[in-house]
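What follows is a short report on a single structure.
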There are 2 protein chains.
Amino acid sequence: MARVQRDGGDDAAPTTELPAVRGQGPAAVNGPAGAQGNGRARAIPEAAVARLAVYLRVLSAMAEQGSVTVSSEELATAAGVNSAKLRKDLSYIGTYGTRGVGYEVDVLTSEIQRVLGLTRQQNTAVVGIGNLGHALANYGGFPGRGFPVTALFDVDPDLIGVPVGGLPVCHIDDIPEVCAARNIAIGVIATPPAAAQAVCNRLVEGGVHCVLNFAPVVLQVPDHVEVRKVDLAIELQILSFHVARNAEQRGRGRTAAARASSNGEVV
Amino acid sequence: MARVQRDGGDDAAPTTELPAVRGQGPAAVNGPAGAQGNGRARAIPEAAVARLAVYLRVLSAMAEQGSVTVSSEELATAAGVNSAKLRKDLSYIGTYGTRGVGYEVDVLTSEIQRVLGLTRQQNTAVVGIGNLGHALANYGGFPGRGFPVTALFDVDPDLIGVPVGGLPVCHIDDIPEVCAARNIAIGVIATPPAAAQAVCNRLVEGGVHCVLNFAPVVLQVPDHVEVRKVDLAIELQILSFHVARNAEQRGRGRTAAARASSNGEVV
DNA sequence: AGCCGCTTGTGAATGCGTGCACAAAATCCG
DNA sequence: CGGATTTTGTGCACGCATTCACAAGCGGCT
Ligand SMILES: NC(=O)c1ccc[n+]([C@@H]2O[C@H](COP(=O)([O-])OP(=O)(O)OC[C@H]3O[C@@H](n4cnc5c(N)ncnc54)[C@H](O)[C@@H]3O)[C@@H](O)[C@H]2O)c1
Ligand SMILES: NC(=O)c1ccc[n+]([C@@H]2O[C@H](COP(=O)([O-])OP(=O)(O)OC[C@H]3O[C@@H](n4cnc5c(N)ncnc54)[C@H](O)[C@@H]3O)[C@@H](O)[C@H]2O)c1
């Protein structure tokens with residue numbers, strides 16, 4: 001397992017340890033006895049991790065554009081957040097800014113990459129090479145960001161062995177074996193909902209600890225497996241709720257608060 | 001007042017008004033004067049709205065399976081959440097349970113649909129008919145859940161006029177006009193990142209108030225427009241963080257306490 | 001060198017979300 | 001018909017997240 005290192009990482013960094021997220025479990029264990037032995041590393045809130053990934057993308061865009069330093073204000077507006085929140089997020093990973101000046105783009109970039117574990121590539125597998133699976137397998141944004149797609153799986157006999165995006169499709173019965181052999185870290189499920197749980201179980205068998213699920217079902221997994229789901233229908237329904245809310249608000253004369261233009265347009 | 005009209009159904013329900021979410025704006029304006037005049041309707045937390053959509057899906061699966069009533073415990077485990085949280089979520093939309101028995105599946109279904117604004121279909125447009133856009137246009141799960149795809153747009157001359165999923169592709173210059181004409185409520189952006197902002201602006205011109213964005217950029221929109229983004233690279237990076245964290249934890253002997261069901265929230 | 005303006009980093013306050021625990025209600029059963 | 005049983009609905013407390021506000025620190029300017 002060659003620890004594939006990304007750009008010329010200063011892997012040295014002796015001071016900062018890799019922090020751990022803090023108790024998100026029920027009844028957090030922070031009793032008086034809970035004081036954990038590791039003196040240093042502060043915890044990173046889950047919500048902050050998600051934003052760090054956004055900052056990373058904005059930073060890379062700025063680097064391409066030639067910027068050398070950024071202020072928290074600049075970076076914050078580009079990322080669509082409050083500047084205080086941004087500074088607090090960055091403070092979780094260390095102190096890399098210069099007061100009165102801002103942050104060095106490349107320093108901040110590599111520090112965030114380090115904390116997110118992006119100095120090491122994560123092999124990814126896609127299961128279910130249908131409409132969505134094809135798009136995912138062909139998408140250049142994954143390998144480009146350190147997530148090479150190194151295995152594809154499906155159950156359809158017509159697909160087995162066919163190369164998609166340059167990689168031949170394997171049969172789902174081989175999931176455990178192939179995942180273990182190719183050191184797959186992340187499994188992406190793009191099968192019909194009915195098959196998702198079974199596929200997930202196979203992935204876990206193959207030693208996959210992280211799953212990204214596109215199928216609209218709630219997966220049951222052992223404690224040590226992390227699942228994130230992307231559910232487009234739910235996203236649309238949340239938007240639908242806002243449509244209804246806005247229509248309601250527009251119906252009655254609402255206090256100035258939020259509205260900006262809201263001129264004549266009707267639903 | 002044009003209260004959101006929902007189809008014929010049981011509009012009776014005199015008690016429950018359509019509630020509004022509370023301050024989600026940046027720099028929320030909830031100053032001391034912010035006390036809103038509407039006495040009754042309680043606010044639904046944003047997080048609860050996302051979960052209601054999940055409950056809805058689980059409920060429809062249960063209805064197909066022939067269930068007539070569910071207890072909060074059943075529904076909660078099926079949805080992957082705490083039963084207390086589920087009951088609290090449901091309490092935001094009204095009181096439809098029977099103590100000692102549970103909830104009637106069809107009643108709960110229609111009440112959640114009502115609150116989410118799903119009694120009315122939301123016309124949806126997809127912009128950028130590439131790999132991802134094709135998958136979205138062909139996906140049956142959208143029209144099946146009340147989000148008919150009624151417009152497709154692209155800039156590629158070879159695509160204009162070509163039917164995809166039975167619907168011909170229009171040119172992006174026609175976005176404002178076509179969106180207004182077809183009463184598009186939700187716009188889905190699946191273009192390359194560089195084009196996303198321009199496309200978004202056109203959608204807003206066309207009267208679209210809700211946008212679902214797949215392009216990895218932060219969109220700038222007027223206050224009255226709601227944007228949700230689906231960013232797969234960020235999802236993978238969050239998973240990557242957990243890989244790194246677990247590797248770290250596994251390095252040292254860590255107390256068992258750790259993890260429970262975890263995730264839940266849709267990003 | 002010393003002062004000034006700018007920006008970071010963070011303590012503190014507030015608000016929100018979550019989970020617990022229990023009273024209220026409704027059905028079932030003796 | 002009354003009590004036992006079950007399950008809802010919610011008050012309450014706690015912890016996380018967000019935001020404010022400001023001292024600390026750094027560079028540049030005079
Ligand atoms: N297409 C979209 O835009 C879209 C949007 C949102 C959600 N989804 C979800 O993503 C999933 C895939 O969608 P799709 O449109 O690509 O569907 P699809 O039918 O085009 O593709 C499904 C693929 O999975 C394969 N498959 C079926 N059973 C399998 C199994 N047991 N193991 C492995 N592979 C199996 C099929 O052979 C097929 O290739 C579905 O769950 C769908 O709900 C899709
Ligand atoms: N394919 C995936 O699995 C995937 C995954 C995550 C994110 N994304 C993102 O989704 C977006 C689309 O991805 P894709 O793989 O479908 O790309 P793609 O290149 O296959 O398709 C892009 C489509 O957008 C069209 N287009 C280009 N400029 C346009 C413009 N100005 N207006 C309208 N249409 C325009 C192109 O003609 C093409 O049809 C990208 O932003 C990508 O980063 C894709």
Side-chain angles (χ1 to χ4, degrees), chain A residues 16 21-32 34 42-52 55 68-77 79-104 107-108 111, chain B residues 15-16 21-32 34-35 42-52 55 68-77 79-104 107-108 111 260-267:
Chain A
T16 55
V21 285
R22 55 183 146 188
Q24 88 284 28
V29 285
N30 60 354
R42 220 153 2 137
I44 300 185
E46 187 86 9
V49 173
R51 287 190 297 266
L52 284 172
Y55 306 152
V68 177
T69 60
V70 250
S71 70
S72 62
E73 192 62 40
E74 269 180 278
L75 191 52
T77 54
V81 301
N82 187 299
S83 76
K85 191 189 293 187
L86 178 132
R87 289 199 298 275
K88 177 139 293 199
D89 286 344
L90 294 183
S91 77
Y92 291 125
I93 70 172
T95 304
Y96 301 106
T98 304
R99 296 176 187 224
V101 179
Y103 303 88
E104 257 180 271
V107 169
L108 206 51
E111 289 301 331
Chain B
T15 53
T16 56
V21 286
R22 50 186 146 185
Q24 88 289 22
V29 283
N30 60 353
R42 230 174 327 160
I44 301 185
E46 186 87 9
V49 174
R51 285 190 297 267
L52 284 172
Y55 306 152
V68 176
T69 61
V70 252
S71 70
S72 63
E73 192 63 38
E74 269 179 279
L75 190 52
T77 55
V81 302
N82 187 298
S83 76
K85 191 189 294 187
L86 178 133
R87 288 198 299 275
K88 179 144 295 196
D89 287 344
L90 294 184
S91 77
Y92 291 124
I93 70 173
T95 303
Y96 302 106
T98 304
R99 298 176 185 224
V101 179
Y103 303 88
E104 256 179 273
V107 171
L108 206 50
E111 289 302 330
S261 59
S262 72
N263 71 337
E265 58 220 6
V266 199
V267 178

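Below, all heavy atoms of this structure are taken into account, side chains as well, without hydrogens, waters or symmetry copies. Model, not experiment: these values are computed from the prediction.
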Nearest whole Å is fine: how far is [N] [atom2] from [X] [atom1]?
X	N	atom1	atom2	answer
B:I44	D:dT10	CD1	C1'	16 Å
A:Y96	C:dT10	OH	C1'	17 Å
A:D89	D:dC16	CG	P	16 Å
A:L90	C:dT7	CG	P	16 Å
A:I93	C:dG9	CD1	C1'	13 Å
A:K85	C:dG11	NZ	C1'	19 Å
B:L108	D:dT8	CG	C1'	12 Å
A:L86	D:dT19	CG	C1'	14 Å

Set out, line by line, the N/O atom pairs under 3.5 Å between protein and nucleotides 12-14 of chain C.
{"residue": "C:dA12", "atom": "N6", "partner": "A:K88", "partner atom": "NZ", "Å": "3.2"}

Between B:T77 (side chain only) and B:E73 (backbone N and O only), is there a donor and an acceptor less than 3.5 Å apart?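 Side chain of B:T77 to backbone of B:E73, a donor-acceptor pair under 3.5 Å: yes, one is there.
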
I'd like to know if the side chain of A:T98 and the backbone of A:V101 have a donor-acceptor N/O pair within less than 3.5 Å. no

If the condition is side-chain contact (heavy atoms from CB on, under 4.5 Å), which residues does B:A76 pass it with, not counting sequence neighbours?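 Only B:V81, B:S83, B:L86 meet the side-chain contact (heavy atoms from CB on, under 4.5 Å) criterion with B:A76.
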
Contact pattern, 5' to 3', of nucleotides 24-30 of chain D - B, S or - by protein heavy atom under 4.0 Å: BBBS---

Closer than 4.0 Å, any side-chain N/O of [X] to the OP1 or OP2 of [N]?
X	N	value
A:N82	D:dC20	yes
A:R51	D:dT18	yes
B:Y92	C:dC16	no
A:S71	C:dT7	no

Could you check B:E73 against A:A48 and say which one's nearest nucleotide on DNA chain D is further toward the 5' end?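 Mapping each residue to its closest nucleotide by heavy atoms, the 5'-most match is B:E73.
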
What nucleotide, of C:dT10, D:dT19, D:dG9, holds the atom closest to the side chain of A:S91? C:dT10

Check every atom of D:dT8, D:dT19, C:dT8 against the side chain of A:R87 and return the nucleotide holding the closest atom.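 The listed nucleotide nearest to A:R87's side chain is C:dT8.
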
Sorted by chain and residue number, the salt bridge (Lys or Arg N to Asp or Glu O under 4.0 Å) partners of B:R87 (sequence neighbours excluded) come out as none

Can you pull the salt bridge (Lys or Arg N to Asp or Glu O under 4.0 Å) pairs that have at least one residue in residues 92-102 of chain B, sequence neighbours excluded? none

Euclidean distance, [Y] [atom2] relative to [X] [atom1], rounded to 0.5 Å:
X	Y	atom1	atom2	result
B:T69	B:L75	OG1	CG	11.5 Å
A:E111	A:L90	CD	CG	10.5 Å
B:D89	B:S72	CG	OG	11.5 Å

Any residue meeting side-chain hydrogen bond (donor to acceptor under 3.5 Å, both in side chains) with B:Y103, in chain and number order, not counting sequence neighbours: none

Assuming nearest nucleotide by heavy-atom distance, tell me which of B:A47 and A:Y103 is located more 5' along DNA chain C.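 Comparing both residues, the 5'-ward one is A:Y103.
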
